[in-house]
Number of protein chains: 2
Amino acid sequence: MARRTIKAGRADDSALVADWRDISACYSSLRCDLDRELDDHHGLGMSEFEVLDRLVEAPAGECRMHTLGDAMYLSQSALSRVVARLEREGLLVRDMCADDRRSVRVRLTEAGADRHEKARPTQLAVLARHLREERQPAGDGPA
Amino acid sequence: MARRTIKAGRADDSALVADWRDISACYSSLRCDLDRELDDHHGLGMSEFEVLDRLVEAPAGECRMHTLGDAMYLSQSALSRVVARLEREGLLVRDMCADDRRSVRVRLTEAGADRHEKARPTQLAVLARHLREERQPAGDGPA
DNA sequence: GCGCATTGAATGCACAAGCATTAAATGCAG
DNA sequence: CTGCATTTAATGCTTGTGCATTCAATGCGC
(Lines give C-alpha, C1' and ligand atoms only; values in the text may rest on other atoms or scores of the structure.)
Protein backbone atom coordinates (compact mmCIF):
# COMPACT_ATOMS: atom_id res chain seq x y z
CA MET A 1 0.00 0.00 0.00
CA ALA A 2 0.91 3.57 -0.53
CA ARG A 3 3.17 3.70 -3.45
CA ARG A 4 2.47 7.19 -4.60
CA THR A 5 5.92 8.36 -3.56
CA ILE A 6 6.84 10.17 -6.70
CA LYS A 7 3.61 10.13 -8.59
CA ALA A 8 1.07 12.75 -7.70
CA GLY A 9 1.67 16.07 -9.32
CA ARG A 10 -1.38 17.35 -7.47
CA ALA A 11 0.40 18.13 -4.30
CA ASP A 12 -2.54 19.09 -2.19
CA ASP A 13 -2.01 18.83 1.52
CA SER A 14 -2.96 15.25 2.09
CA ALA A 15 -0.85 14.03 -0.80
CA LEU A 16 2.02 15.95 0.70
CA VAL A 17 1.56 14.27 4.03
CA ALA A 18 1.11 10.89 2.42
CA ASP A 19 4.33 11.34 0.50
CA TRP A 20 6.14 12.34 3.62
CA ARG A 21 4.91 9.28 5.44
CA ASP A 22 6.05 7.07 2.62
CA ILE A 23 9.48 8.58 2.63
CA SER A 24 9.60 8.40 6.37
CA ALA A 25 8.56 4.78 6.51
CA CYS A 26 10.96 3.79 3.79
CA TYR A 27 13.86 5.59 5.39
CA SER A 28 13.16 4.53 8.92
CA SER A 29 12.79 0.85 8.33
CA LEU A 30 15.79 0.74 6.06
CA ARG A 31 17.91 2.74 8.42
CA CYS A 32 16.97 0.56 11.33
CA ASP A 33 17.88 -2.64 9.54
CA LEU A 34 21.05 -1.22 8.14
CA ASP A 35 22.17 0.16 11.44
CA ARG A 36 21.54 -3.07 13.23
CA GLU A 37 23.10 -5.37 10.68
CA LEU A 38 26.18 -3.24 10.26
CA ASP A 39 26.57 -3.11 14.00
CA ASP A 40 25.90 -6.80 14.59
CA HIS A 41 28.11 -8.12 11.85
CA HIS A 42 30.82 -5.50 11.67
CA GLY A 43 30.72 -3.34 14.76
CA LEU A 44 29.88 -0.27 12.76
CA GLY A 45 27.08 2.22 13.07
CA MET A 46 25.51 3.60 9.95
CA SER A 47 27.31 6.90 10.28
CA GLU A 48 30.58 5.14 10.82
CA PHE A 49 30.12 3.08 7.72
CA GLU A 50 29.18 6.11 5.73
CA VAL A 51 32.33 7.93 6.71
CA LEU A 52 34.38 4.95 5.62
CA ASP A 53 32.35 4.83 2.44
CA ARG A 54 33.10 8.43 1.60
CA LEU A 55 36.76 7.97 2.34
CA VAL A 56 36.99 4.94 0.10
CA GLU A 57 35.56 7.01 -2.69
CA ALA A 58 37.83 9.94 -1.99
CA PRO A 59 40.91 10.51 -4.18
CA ALA A 60 43.61 9.10 -1.94
CA GLY A 61 41.43 7.62 0.74
CA GLU A 62 41.60 10.91 2.53
CA CYS A 63 39.81 14.21 2.80
CA ARG A 64 39.18 17.12 5.13
CA MET A 65 36.62 17.06 7.90
CA HIS A 66 34.73 19.90 6.38
CA THR A 67 34.42 18.11 3.08
CA LEU A 68 33.06 15.06 4.81
CA GLY A 69 30.61 17.28 6.60
CA ASP A 70 29.31 18.71 3.35
CA ALA A 71 28.79 15.28 1.86
CA MET A 72 27.28 13.56 4.80
CA TYR A 73 24.42 15.34 6.31
CA LEU A 74 25.40 15.11 9.94
CA SER A 75 25.95 17.94 12.32
CA GLN A 76 29.49 19.15 12.67
CA SER A 77 29.72 17.93 16.22
CA ALA A 78 28.30 14.53 15.39
CA LEU A 79 30.77 14.11 12.57
CA SER A 80 33.60 15.10 14.85
CA ARG A 81 32.66 12.34 17.22
CA VAL A 82 32.05 9.69 14.59
CA VAL A 83 35.52 10.33 13.28
CA ALA A 84 36.90 10.23 16.80
CA ARG A 85 35.30 6.84 17.32
CA LEU A 86 36.67 5.52 14.06
CA GLU A 87 40.11 6.76 14.96
CA ARG A 88 39.89 5.09 18.33
CA GLU A 89 39.21 1.85 16.51
CA GLY A 90 42.13 2.42 14.19
CA LEU A 91 40.02 2.61 11.06
CA LEU A 92 41.29 6.03 10.13
CA VAL A 93 43.78 8.61 11.30
CA ARG A 94 43.41 12.32 11.82
CA ASP A 95 46.20 14.75 11.31
CA MET A 96 46.14 18.42 10.59
CA CYS A 97 46.99 19.48 7.12
CA ALA A 98 50.00 21.61 6.45
CA ASP A 99 48.39 24.31 4.40
CA ASP A 100 45.67 25.19 6.86
CA ARG A 101 46.37 24.10 10.37
CA ARG A 102 42.75 24.61 11.41
CA SER A 103 41.66 21.86 9.07
CA VAL A 104 41.95 18.22 9.90
CA ARG A 105 42.83 15.70 7.28
CA VAL A 106 41.20 12.33 7.70
CA ARG A 107 42.87 9.33 6.17
CA LEU A 108 41.64 5.79 5.84
CA THR A 109 43.89 3.11 7.29
CA GLU A 110 44.28 -0.36 5.91
CA ALA A 111 42.18 -1.68 8.71
CA GLY A 112 39.53 0.85 7.76
CA ALA A 113 39.55 -0.09 4.11
CA ASP A 114 39.39 -3.71 5.12
CA ARG A 115 36.48 -3.22 7.45
CA HIS A 116 34.65 -1.26 4.81
CA GLU A 117 35.19 -3.91 2.23
CA LYS A 118 33.84 -6.55 4.55
CA ALA A 119 30.85 -4.45 5.49
CA ARG A 120 29.83 -3.35 2.04
CA PRO A 121 28.09 -6.60 1.08
CA THR A 122 25.97 -6.26 4.18
CA GLN A 123 25.00 -2.75 3.19
CA LEU A 124 24.16 -3.79 -0.34
CA ALA A 125 22.12 -6.72 0.86
CA VAL A 126 20.02 -4.54 3.10
CA LEU A 127 19.58 -1.90 0.44
CA ALA A 128 18.55 -4.49 -2.09
CA ARG A 129 16.17 -6.12 0.30
CA HIS A 130 14.40 -2.85 0.97
CA LEU A 131 14.69 -0.95 -2.26
CA ARG A 132 14.38 -3.63 -4.84
CA GLU A 133 11.30 -5.29 -3.52
CA GLU A 134 9.72 -1.88 -3.20
CA ARG A 135 10.16 -1.12 -6.85
CA GLN A 136 9.84 -4.41 -8.58
CA PRO A 137 7.54 -6.67 -6.56
CA ALA A 138 8.21 -9.46 -9.03
CA GLY A 139 10.08 -10.04 -12.24
CA ASP A 140 13.71 -10.57 -13.09
CA GLY A 141 16.21 -9.16 -15.51
CA PRO A 142 15.65 -8.50 -19.22
CA ALA A 143 15.49 -11.31 -21.79
CA MET B 1 21.60 16.57 -9.16
CA ALA B 2 20.65 13.04 -8.41
CA ARG B 3 17.02 12.67 -9.19
CA ARG B 4 16.96 9.01 -10.02
CA THR B 5 15.05 8.18 -6.87
CA ILE B 6 12.44 5.98 -8.41
CA LYS B 7 13.63 5.66 -11.93
CA ALA B 8 16.32 3.11 -12.59
CA GLY B 9 15.01 -0.36 -13.02
CA ARG B 10 18.59 -1.52 -13.37
CA ALA B 11 19.32 -1.77 -9.71
CA ASP B 12 22.96 -2.62 -9.88
CA ASP B 13 24.94 -1.88 -6.78
CA SER B 14 25.86 1.70 -7.42
CA ALA B 15 22.32 2.62 -8.39
CA LEU B 16 21.18 1.06 -5.17
CA VAL B 17 23.60 3.13 -3.17
CA ALA B 18 22.74 6.25 -5.11
CA ASP B 19 19.06 5.71 -4.44
CA TRP B 20 19.72 5.23 -0.79
CA ARG B 21 21.70 8.42 -0.59
CA ASP B 22 18.90 10.31 -2.28
CA ILE B 23 16.36 8.97 0.12
CA SER B 24 18.65 9.63 2.99
CA ALA B 25 19.37 13.20 1.98
CA CYS B 26 15.73 13.92 1.32
CA TYR B 27 14.62 12.48 4.61
CA SER B 28 17.37 13.95 6.70
CA SER B 29 17.08 17.52 5.55
CA LEU B 30 13.33 17.47 5.72
CA ARG B 31 13.29 15.89 9.12
CA CYS B 32 15.80 18.37 10.46
CA ASP B 33 13.80 21.36 9.28
CA LEU B 34 10.53 19.92 10.41
CA ASP B 35 11.85 19.04 13.81
CA ARG B 36 13.32 22.45 14.34
CA GLU B 37 10.39 24.47 13.11
CA LEU B 38 7.85 22.47 15.03
CA ASP B 39 9.94 22.85 18.13
CA ASP B 40 10.67 26.54 17.69
CA HIS B 41 7.15 27.60 16.84
CA HIS B 42 5.09 25.10 18.77
CA GLY B 43 7.24 23.38 21.33
CA LEU B 44 6.76 20.02 19.67
CA GLY B 45 9.25 17.49 18.43
CA MET B 46 8.50 15.64 15.25
CA SER B 47 7.52 12.49 17.05
CA GLU B 48 5.25 14.45 19.34
CA PHE B 49 3.53 16.07 16.43
CA GLU B 50 3.12 12.78 14.71
CA VAL B 51 1.42 11.24 17.69
CA LEU B 52 -1.00 14.13 17.81
CA ASP B 53 -1.48 13.75 14.10
CA ARG B 54 -2.42 10.10 14.39
CA LEU B 55 -4.77 10.82 17.22
CA VAL B 56 -6.54 13.56 15.30
CA GLU B 57 -7.10 11.07 12.53
CA ALA B 58 -8.25 8.34 14.87
CA PRO B 59 -11.98 7.63 15.26
CA ALA B 60 -12.69 9.45 18.50
CA GLY B 61 -9.40 11.18 18.97
CA GLU B 62 -8.23 8.14 20.83
CA CYS B 63 -6.50 4.85 20.29
CA ARG B 64 -4.38 2.23 22.02
CA MET B 65 -0.64 2.54 22.50
CA HIS B 66 -0.02 -0.54 20.48
CA THR B 67 -2.00 0.81 17.56
CA LEU B 68 0.02 3.99 17.63
CA GLY B 69 3.15 1.91 17.68
CA ASP B 70 2.12 0.02 14.58
CA ALA B 71 1.40 3.19 12.69
CA MET B 72 4.34 5.22 13.73
CA TYR B 73 7.58 3.47 13.30
CA LEU B 74 9.16 4.24 16.61
CA SER B 75 10.38 1.76 19.14
CA GLN B 76 7.95 0.77 21.81
CA SER B 77 10.00 2.47 24.48
CA ALA B 78 10.40 5.66 22.51
CA LEU B 79 6.68 5.80 21.92
CA SER B 80 6.02 5.25 25.58
CA ARG B 81 8.13 8.26 26.41
CA VAL B 82 6.75 10.51 23.71
CA VAL B 83 3.30 9.85 25.02
CA ALA B 84 4.49 10.46 28.56
CA ARG B 85 5.87 13.83 27.49
CA LEU B 86 2.67 14.76 25.75
CA GLU B 87 0.66 13.80 28.79
CA ARG B 88 2.90 15.89 30.99
CA GLU B 89 2.09 18.82 28.77
CA GLY B 90 -1.59 18.11 28.95
CA LEU B 91 -1.96 17.42 25.25
CA LEU B 92 -3.36 13.97 25.79
CA VAL B 93 -4.39 11.66 28.59
CA ARG B 94 -3.57 8.05 29.22
CA ASP B 95 -5.90 5.67 30.90
CA MET B 96 -6.15 1.96 30.77
CA CYS B 97 -8.95 0.51 28.82
CA ALA B 98 -11.58 -1.56 30.49
CA ASP B 99 -11.55 -4.56 28.23
CA ASP B 100 -7.82 -5.23 28.48
CA ARG B 101 -6.18 -3.67 31.46
CA ARG B 102 -2.73 -4.17 30.04
CA SER B 103 -3.50 -1.82 27.21
CA VAL B 104 -3.38 1.91 27.56
CA ARG B 105 -5.86 4.07 25.81
CA VAL B 106 -4.51 7.41 24.68
CA ARG B 107 -6.94 10.24 24.20
CA LEU B 108 -6.37 13.65 22.73
CA THR B 109 -7.33 16.60 24.92
CA GLU B 110 -8.68 19.88 23.67
CA ALA B 111 -5.32 21.45 24.29
CA GLY B 112 -3.79 18.70 22.20
CA ALA B 113 -6.19 19.15 19.33
CA ASP B 114 -5.60 22.87 19.52
CA ARG B 115 -1.85 22.54 19.49
CA HIS B 116 -2.01 20.19 16.58
CA GLU B 117 -4.23 22.51 14.62
CA LYS B 118 -1.83 25.36 15.17
CA ALA B 119 1.16 23.27 14.25
CA ARG B 120 -0.21 21.67 11.13
CA PRO B 121 0.37 24.68 8.86
CA THR B 122 3.99 24.65 9.90
CA GLN B 123 4.26 21.00 8.99
CA LEU B 124 2.62 21.52 5.64
CA ALA B 125 4.79 24.48 4.87
CA VAL B 126 7.96 22.52 5.51
CA LEU B 127 6.71 19.54 3.56
CA ALA B 128 5.74 21.73 0.64
CA ARG B 129 9.02 23.55 0.71
CA HIS B 130 10.96 20.31 0.52
CA LEU B 131 8.77 18.01 -1.50
CA ARG B 132 7.21 20.31 -4.03
CA GLU B 133 10.37 21.97 -5.20
CA GLU B 134 11.95 18.55 -5.54
CA ARG B 135 9.30 17.33 -7.92
CA GLN B 136 8.29 20.32 -9.91
CA PRO B 137 11.25 22.66 -10.13
CA ALA B 138 9.06 25.24 -11.84
CA GLY B 139 5.53 25.57 -13.15
CA ASP B 140 2.22 26.24 -11.46
CA GLY B 141 -1.23 24.77 -11.52
CA PRO B 142 -3.25 23.79 -14.61
CA ALA B 143 -4.90 26.39 -16.88
C1' DG C 1 -8.73 -22.97 39.90
C1' DC C 2 -3.52 -23.04 39.06
C1' DG C 3 0.66 -22.39 36.76
C1' DC C 4 2.93 -20.81 32.59
C1' DA C 5 3.73 -18.67 28.20
C1' DT C 6 2.36 -14.39 25.96
C1' DT C 7 1.23 -9.71 25.36
C1' DG C 8 1.32 -4.62 26.59
C1' DA C 9 3.57 -1.00 28.49
C1' DA C 10 7.11 1.31 31.49
C1' DT C 11 11.91 1.84 33.07
C1' DG C 12 17.19 1.44 33.61
C1' DC C 13 20.82 2.11 30.90
C1' DA C 14 23.94 3.36 27.17
C1' DC C 15 24.73 6.08 23.30
C1' DA C 16 24.36 9.03 19.23
C1' DA C 17 22.97 13.55 17.76
C1' DG C 18 22.15 18.50 17.91
C1' DC C 19 22.96 23.15 20.00
C1' DA C 20 25.83 26.31 22.05
C1' DT C 21 30.31 27.32 23.41
C1' DT C 22 35.24 27.22 23.23
C1' DA C 23 39.85 27.24 21.32
C1' DA C 24 42.95 27.73 17.66
C1' DA C 25 44.43 29.23 13.12
C1' DT C 26 43.68 32.25 9.40
C1' DG C 27 42.66 36.48 6.78
C1' DC C 28 42.07 41.19 6.43
C1' DA C 29 41.75 46.18 7.58
C1' DG C 30 44.18 49.88 9.59
C1' DC D 1 52.61 44.55 12.82
C1' DT D 2 48.21 44.71 15.55
C1' DG D 3 43.53 43.85 16.39
C1' DC D 4 39.28 41.83 14.94
C1' DA D 5 36.12 38.99 12.32
C1' DT D 6 35.93 34.43 10.27
C1' DT D 7 36.59 29.71 9.76
C1' DT D 8 37.50 24.94 11.50
C1' DA D 9 37.12 21.52 14.70
C1' DA D 10 36.43 19.81 19.49
C1' DT D 11 33.75 19.66 23.84
C1' DG D 12 29.99 20.36 27.54
C1' DC D 13 25.47 19.61 27.94
C1' DT D 14 20.82 18.01 27.04
C1' DT D 15 17.74 15.08 24.92
C1' DG D 16 15.61 11.44 22.18
C1' DT D 17 16.16 6.66 20.91
C1' DG D 18 16.90 1.67 21.08
C1' DC D 19 17.84 -2.59 23.69
C1' DA D 20 17.13 -5.31 27.49
C1' DT D 21 14.64 -5.87 31.47
C1' DT D 22 10.76 -5.62 34.46
C1' DC D 23 6.06 -5.67 35.90
C1' DA D 24 1.21 -6.40 35.21
C1' DA D 25 -2.67 -8.49 32.91
C1' DT D 26 -4.36 -11.95 29.91
C1' DG D 27 -5.15 -16.48 27.83
C1' DC D 28 -4.49 -21.28 27.70
C1' DG D 29 -3.61 -26.05 29.03
C1' DC D 30 -4.31 -29.09 32.61
| said: Contact list please: residues 77-87 of chain B against DNA chain D, heavy atoms, distance less than 4.0 Å, in numerical order. | reply: B:Ser77, B:Ala78, B:Arg81, B:Val82, B:Arg85

| For the pair made of CZ in A:Phe49 and P in C:dA16, what is the distance, rounded to whole Å? | 18 Å

| What are the two closest non-hydrogen atoms of A:Gly90 and A:Thr109, and how far apart are they? | O-OG1, 2.7 Å

| Test of ring centre spacing under 6.0 Å for B:Tyr27 and B:Trp20 | no

| request: Could you tell me from which nucleotide to which nucleotide of DNA chain D, 5' to 3', there is an atom under 4.0 Å from chain B heavy atoms? | output: D:dG16 to D:dT26

| task | Report which part of the nucleic acid A:Arg94 touches: base, sugar-phosphate, or nothing (heavy-atom distance under 4.0 Å, all strands). | result | sugar-phosphate

| task | Compare side-chain N and O positions of B:Arg102 against OP1 and OP2 of C:dT6 and report whether any pair is under 4.0 Å apart. | result | no

| query | Going by an N to O cut-off under 4.0 Å, is there a salt bridge joining A:Arg129 and A:Glu37? | reply | yes

| Between A:Glu50 (CD) and C:dA16 (P), how many Å, whole number? | 16 Å

| said: From OH of B:Tyr27 over to P of C:dA17, roughly how many Å is that when rounded to an integer? | reply: 13 Å

| remark: From CG of A:Asp39 across to C1' of C:dA16 the rounded distance in Å is 12 Å

| said: Salt bridge check, A:Asp99 against A:Arg64: does any charged N sit closer than 4.0 Å to a carboxylate O? | reply: yes

| field | Side-chain N,O (B:His66) to OP1/OP2 (C:dA9) below 4.0 Å | value | yes

| said: Considering every strand and a 4.0 Å limit on heavy-atom distances, what is the contact class for A:Asp100: base, sugar-phosphate, or nothing? | reply: sugar-phosphate

| request: Establish, from distance only, whether the side-chain atoms of B:Ser103 and B:His66 form a donor-acceptor pair under 3.5 Å. | output: no

| remark: Judged by nearest nucleotide, the residue sitting upstream toward the 5' end of DNA chain C, A:Ala98 or A:Tyr73, is A:Tyr73

| task | In whole angstrom, give the distance that lies between atom CE of A:Met46 and atom P of C:dC15. | result | 19 Å

| task | Find the distance A:Asp99:CG to C:dG27:C1' and express it as a whole number of Å. | result | 14 Å

| query | Would you say the side-chain atoms of A:Ser29 pair up with the backbone N or O of A:Ala25, donor to acceptor, closer than 3.5 Å? | reply | yes

| Nearest-Å distance for atom pair CD/C1', residues B:Gln76 and C:dG12 | 14 Å

| said: Can you tell whether the side chains of A:Arg36 and A:Asp40 come within less than 4.0 Å, N to carboxylate O? | reply: no

| task | Please determine if A:Arg132 and B:Asp19 form a salt bridge, counting it only when a charged side-chain N lies under 4.0 Å from a carboxylate O. | result | no

| task | State whether a side-chain donor-acceptor pair under 3.5 Å links B:Ser24 with B:Asp22. | result | no

| Rounded to the nearest Å, what distance is computed from the CZ atom of residue A:Arg88 to the C1' atom of nucleotide C:dC15? | 12 Å

